[in-house]
Visitor: 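Would you mind keeping the following structure in view while I ask a few things?
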Amino acid sequence: MTDFYAQARELFAYTQAMRRDFHMHPELGFQEIRTAGIVAKELQKIGLEVTTGVGKTGVVALLEGSQPGPTLLLRADMDALPIVEQTGADYASQNKGVMHACGHDGHTAILLTVARMLDSARDQFPGTIKLVFQPAEEGQGGAESMIADGVLDNPKVDVTFGLHLWNEQPVGWLGIAEGSTMAGAEMFTIKVTGKGGHGAMPHTTIDPVLAGAHIVAALQSVVSRNVAPLDSAVVSVTQFHGGDAFNVIPQTVELGGTIRTFRLEVRDIILKRVEEIASKTAESLGCNAEFVNTRLTPAVINDSDTIRIVQSAAKKVLPLLTMDASSPITMGSEDFAYMMEKIPGCFVFVGSANADRGLNYSHHHPKFDVDEQALSYAAALMAQSAIEILNSK
Ligand SMILES: [Zn+2]
Ligand SMILES: [Zn+2]
């Protein structure tokens with residue numbers, strides 16, 4: 001079998017050039033026109049038939065193995081974030097106000113590298129590899145829009161696999177965990193309505209600022225008193241908007257925030273309690289509260305059989321790396337969960353931080369950057385896993 005780590009190192013100049021090019025030219029979700037164009041061209045260069053415009057700006061290509069067999073979906077996300085880059089790198093963003101601050105430039109370059117490696121290893125696996133370059137991961141519904149466009153059909157996908165570069169851990173670390181890996185995410189708003197009036201005559205008003213403040217405080221009891229201590233959950237109020245003048249009590253205030261959970265039962269309890277606390281606290285202070293929740297992503301739950309194959313693939317191809325199988329990895333979320341909810345599979349993490357070189361800022365930080373050695377590790381892990389998953393089915 002091919003030594004995929006050795007091959008990934010040989011292809012490193014290619015991977016790095018691709019990653020830096022995407023990094024210099026970042027595009028926001030559903031605007032990945034240039035990126036998708038380069039991806040399509042690179043895949044066509046190795047002779048693959050490419051479909052563009054899947055889920056608006058997504059790209060899909062098929063790579064057939066030596067004989068018929070199952071279909072494995074490999075996914076990379078392509079979108080950047082609305083952040084002004086402050087890394088000062090030679091390859092810093094040339095698109096001011098837009099930045100690859102989550103590592104999706106790396107993911108796209110990794111999957112292009114994997115496509116090259118698997119193309120020259122077609123005799124080593126049965127079935128089909130579906131290469132999926134997804135738009136708009138950062139909260140805009142890219143995975144759902146690709147699913148709506150049929151990315152999981154024709155041929156029907158049997159297993160899914162994705163990965164994330166992970167700056168919360170050093171390069172050389174791999175997070176390959178069974179079960180709950182990333183949390184499901186909700187986005188909520190609470191609109192509190194009272195009766196506005198003069199700041200010096202509060203008795204003539206019904207103050208929604210006061211009610212909103214009580215609601216924020218009371219919501220802290222949900223995780224501490226309604227969720228079982230062995231379950232993990234987050235309720236964060238991250239927005240509190242209201243009022244325009246120092247001497248005017250406003251008519252309304254609006255709170256916003258996010259809920260993170262792993263289990264649906266926990267999610268249901270939290271949604272119920274947040275709504276009750278908001279409406280009853282508001283009511284006790286004479287106001288009225290309207291709670292609206294939007295589900296962003298389900299939790300990422302790794303399939304046990306697939307994760308064991310990936311763990312064994314990691315030991316073979318990257319024996320010197322540290323493998324961490326503790327779950328969950330993070331309360332962060334990932335829209336690949338929508339694909340995994342339909343077709344079981346796994347999502348793994350590849351450590352990419354290097355503190356000595358100052359490459360250890362968190363995801364979404366304006367100085368976020370990765371140790372590019374992680375790109376080769378990730379490409380080797382993905383290629384080896386793909387071959388072993390397809391041969392095990
Ligand atoms: Zn992100
Ligand atoms: Zn991300």
Side-chain angles (χ1 to χ4, degrees), residues 18-19 22-23 26-32 35-36 39 55 57-58 74-87 93 95 97-112 132-146 160-169 171 173-175 177 181-187 234 236 238 258 260 296-300 302 328-340 345-353 359-372 374-375 377-379 381-382:
M18 284 290 138
R19 184 253 160 170
F22 297 136
H23 194 90
E27 295 170 301
L28 293 174
F30 292 129
Q31 298 171 30
E32 306 92 335
T35 309
V39 165
T57 42
L74 299 181
R75 176 269 209 172
D77 40 12
M78 303 188 288
D79 57 320
L81 288 153
I83 293 174
V84 178
E85 179 161 350
Q86 293 173 14
T87 61
S93 170
N95 183 6
V98 182
M99 176 189 177
H100 268 296
C102 200
H104 300 184
D105 50 343
H107 301 167
T108 306
I110 290 162
L111 191 53
L112 286 174
V132 171
F133 295 83
Q134 185 204 299
E137 191 283 325
E138 299 284 3
Q140 291 163 289
E144 286 168 287
S145 94
M146 287 196 95
T160 52
F161 184 100
L163 59 74
H164 212 297
L165 293 169
W166 200 235
N167 252 29
E168 315 308 314
Q169 295 287 346
V171 67
W173 172 97
L174 300 174
T181 295
M182 295 181 86
E186 321 287 327
M187 174 176 75
V234 174
S236 288
T238 54
T258 188
R260 304 292 165 112
L296 291 181
T297 64
V300 175
N302 281 335
I329 302 280
T330 170
M331 295 307 285
S333 67
E334 168 57 65
D335 79 353
F336 188 54
Y338 277 112
M339 296 194 190
M340 291 176 69
C346 63
F347 192 75
V348 304
F349 295 82
V350 178
S352 52
L359 303 171
N360 59 342
Y361 287 92
S362 278
H363 295 262
H364 297 199
H365 189 282
K367 290 186 178 172
F368 173 86
D369 198 359
V370 299
D371 184 330
E372 290 171 321
L375 304 174
Y377 289 151
L381 176 64
M382 202 181 226

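Just follow the structure's listing: the first ligand is 1, and inside any ligand the first atom is 1.
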Visitor: For a distance under 2.8 Å, tell me if His107 has an N/O/S atom near the Zn ion (ligand 2).
Guide: no

Visitor: Should the ring pair His107 and His164 be called parallel, tilted or perpendicular, given that the plane angle runs from 0 to 90° and is split at 30 and 60?
Guide: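 Rings of His107 and His164: perpendicular, over 60°.
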
Visitor: Can you give me the NE2-the Zn ion (ligand 1)-SG angle for His364 and Cys102, to 10°?
Guide: 110°

Visitor: Using side-chain heavy atoms (C-beta onward) and a distance below 4.5 Å, is Asp77 in contact with Glu334?
Guide: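 With C-beta onward as the side chain, the pair touches.
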
Visitor: Determine the sole option in Glu85, His104, His100 for which the side-chain hydrogen bond (donor to acceptor under 3.5 Å, both in side chains) test with His23 is passed.
Guide: Glu85

Visitor: Inspect the contact between Asp369 and Lys367 and indicate whether a charged nitrogen and a carboxylate oxygen are less than 4.0 angstrom apart.
Guide: no

Visitor: Examine His164 and say whether one of its N/O/S atoms is closer to the Zn ion (ligand 2) than 2.8 Å.
Guide: yes

Visitor: May I ask you to check if any N/O/S atom from Glu138 comes under 2.8 Å of the Zn ion (ligand 1)?
Guide: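 Here the distance criterion (N, O or S atom, under 2.8 Å) is met by Glu138, so yes.
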
